[in-house]
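See structure below.
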Amino acid sequence: QQQTTAARSQGIVDTLRFTWQSKVVARIPLANPDTSGILVKLRTDTSIAWNDSIAYGSLYDTRDGQVYRTVKIGSQTWMAENLNYRNSVGTKDTLGRCYSFSPESCKKYGRLYTWLEVMAGAASTTKSPSGVKGICPSGWHAPSDGEWSILIARVDGDSRAGSNREAAALKSASGWNLYGGSPRNGIDLYGFSVVPGGDRSYGDFASVGDDATFWTVSDDWDVIEGAATQAWRRFIGNTWDDVGRNTQDKTFEFSLRCLQN
């Protein structure tokens with residue numbers, strides 16, 4: 001549902017307000033009061049249990065009209081959904097892939113990208129902020145390994161103090177598979193809402209419902225290969241309580257969360 005509130009006589013900028021199931025899920029200020037011809041694609045997958053106690057912001061991607069929820073955690077403002085940018089206005093994907101090539105997976109989990117796709121020609125860095133726009137929307141950037149560390153440090157202190165491990169604090173409260181006969185959903189303490197979108201390696205899709213993996217812009221030199229063939233990733237899964245960290249081949253395909261500049 002789209003509603004436009006206008007108060008031109010008072011000099012107030014028009015805003016698009018999006019509601020879903022009687023709840024406001026996004027507000028987008030418009031530089032141009034004329035809203036005709038604007039196409040906005042708002043992903044509202046009802047299988048994801050959003051944290052109703054969080055005051056979400058919104059990100060309008062002018063490249064394709066998609067709207068993403070955003071959330072502020074400490075000093076950082078993150079996308080609360082995985083990037084779903086495909087760099088095409090037609091029917092053919094030219095950037096990233098849907099899990100098992102299913103459009104429904106993209107609606108739910110966003111897209112999976114190789115590291116080189118994420119970087120869009122930029123150089124690796126460990127700086128915070130990274131300064132790497134990559135394939136993120138204008139005003140946002142792809143996070144470095146260090147920026148993920150800042151997030152984890154904030155979550156780790158708060159979540160452990162409440163007897164909740166960091167992975168549970170970041171995981172969505174629904175959508176995760178059972179493990180050992182027990183539900184493995186998180187508590188989504190911060191509204192970060194990590195969903196188990198799986199990954200792709202050596203051409204094979206795997207782990208949807210069980211794992212979520214995210215690229216950073218920080219690569220790692222391989223002594224044997226004599227080149228930086230791998231990059232740092234962060235991952236959350238059903239079989240551990242912490243947010244994992246290691247390097248993986250840059251040709252593998254993982255999710256991406258962007259950070260506001």
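Since this is a predicted model, take the numbers as computed values, not measurements.
The side-chain contact (heavy atoms from CB on, under 4.5 Å) test applied to A212 returns W176, V194, F214, not counting sequence neighbours. Looking at residues two or more places apart in sequence or on another chain, you find a side-chain contact (heavy atoms from CB on, under 4.5 Å) between D219 and W115, S124, A228, A231, K250.
Side-chain heavy-atom separations under 4.5 angstrom define the hydrophobic clusters, and W232 shares its cluster with no other residue. Residue W240 shares its hydrophobic cluster (ILVMFWY side chains chained together at separations under 4.5 Å) with F235.
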L59 vs V67, test: side chain to side chain contact (heavy atoms under 4.5 Å, CB included). Steps then yes/no. CA-CA 6 Å; L59 162 61; V67 178; over 6 Å; no

Do R245 and D145 pass the salt bridge (Lys or Arg N to Asp or Glu O under 4.0 Å) test, and can you show the C-alpha distance, the side-chain angles, and the key distance before you say yes or no? CA-CA 9 Å; R245 173 182 180 267; D145 183 57; 2.9 Å; yes

Using side chain to side chain contact (heavy atoms under 4.5 Å, CB included), reason through L256 and Y85 one step at a time and then give a plain yes or no. CA-CA 10 Å; L256 179 66; Y85 179 57; over 6 Å; no

I73 and R154: CA distance, side-chain angles, deciding distance, side chain to side chain contact (heavy atoms under 4.5 Å, CB included) verdict: CA-CA 8 Å; I73 303 175; R154 170 62 187 265; 4.0 Å; yes

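Residues S255 and L112 are in side-chain contact: their nearest non-hydrogen atoms beyond the backbone lie under 4.5 Å apart. Between Q248 and T229 there is no side-chain heavy-atom pair separated by less than 4.5 Å. Contact check for W215 versus V217: no side-chain heavy atoms found under the 4.5 Å cut-off. Proximity of T70 to Q260: side-chain heavy atoms (C-beta onward) are nowhere separated by under 4.5 Å. Within the 4.5 Å cutoff, side-chain heavy atoms of K171 are placed close to those of R184. For the pair E81/K108, no side-chain contact is recorded, criterion being any heavy-atom separation below 4.5 Å from C-beta on. Contact check for L83 versus Y113: side-chain heavy atoms found under the 4.5 Å cut-off.
C106 SG to Y99 OH: the interatomic distance, rounded to the nearest 0.5 Å, is 13.0 Å. Note that CD of Q230 is 8.5 Å distant from CG of N246, once rounded to the nearest 0.5 Å. Between the OG1 atom in T216 and the CZ atom in R257 there is a gap of 15.0 Å [rounded to 0.5 Å]. Rounding to the nearest 0.5 Å gives a distance of 5.5 Å between CG of L170 and CD1 of I152. In this structure, the separation between CG on L189 and OG on S53 is 8.0 Å, given to the nearest 0.5 Å.
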Enumerate, atom names and distances included, each donor-acceptor pair closer than 3.5 Å involving a side-chain atom of residues 195-209, sequence neighbours excluded.
| from | atom 1 | to | atom 2 | distance (Å) |
| --- | --- | --- | --- | --- |
| R200 | NE | G203 | O | 3.3 |
| R200 | NH1 | E253 | OE2 | 3.2 |
| S207 | OG | D211 | OD2 | 3.2 |

For residues 129-144, which side-chain N or O atoms pair as donor and acceptor with protein atoms under 3.5 Å away, sequence neighbours left out?
| from | atom 1 | to | atom 2 | distance (Å) |
| --- | --- | --- | --- | --- |
| S130 | OG | V132 | N | 3.1 |
| S130 | OG | A142 | O | 2.5 |
| K133 | NZ | C136 | O | 2.7 |
| H141 | ND1 | L259 | O | 3.3 |
| H141 | ND1 | N261 | OD1 | 2.7 |
| H141 | NE2 | E147 | OE1 | 3.4 |
| H141 | NE2 | E147 | OE2 | 2.8 |
| S144 | OG | K127 | O | 2.7 |
| S144 | OG | G146 | N | 3.4 |
| S144 | OG | E147 | N | 3.1 |

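Look at D242 and R234 and you find no salt bridge, because none of the NZ, NE, NH1 or NH2 atoms lies under 4.0 Å from a carboxylate O.
Judged by distance alone, the side chains of Y190 and D188 never bring a donor and an acceptor atom under 3.5 Å apart. Side-chain contact, N238 with D210: a donor N or O sits under 3.5 Å from an acceptor N or O.
Side-chain rings of W78 and F192 approach one another, their centers coming within less than 6.0 Å.
Using a distance-only test at 3.5 Å, with no hydrogens or angles considered, no donor-acceptor pair links the side chain of Q66 to the main chain of D61. The closest donor-acceptor contact from the side chain of E117 to the backbone of T114 lies under 3.5 Å. Listed for the R111 side chain is a donor-acceptor partner under 3.5 Å among the backbone atoms of G96. Y68 contributes a side-chain N or O that, together with a main-chain N or O of N84, makes up a donor-acceptor pair within less than 3.5 Å. In this structure, T77 contributes its side chain and K72 its backbone to no donor-acceptor pair below 3.5 Å. Within the 3.5 Å criterion, the main-chain N or O of D220 finds no donor-acceptor partner in the side chain of T247.
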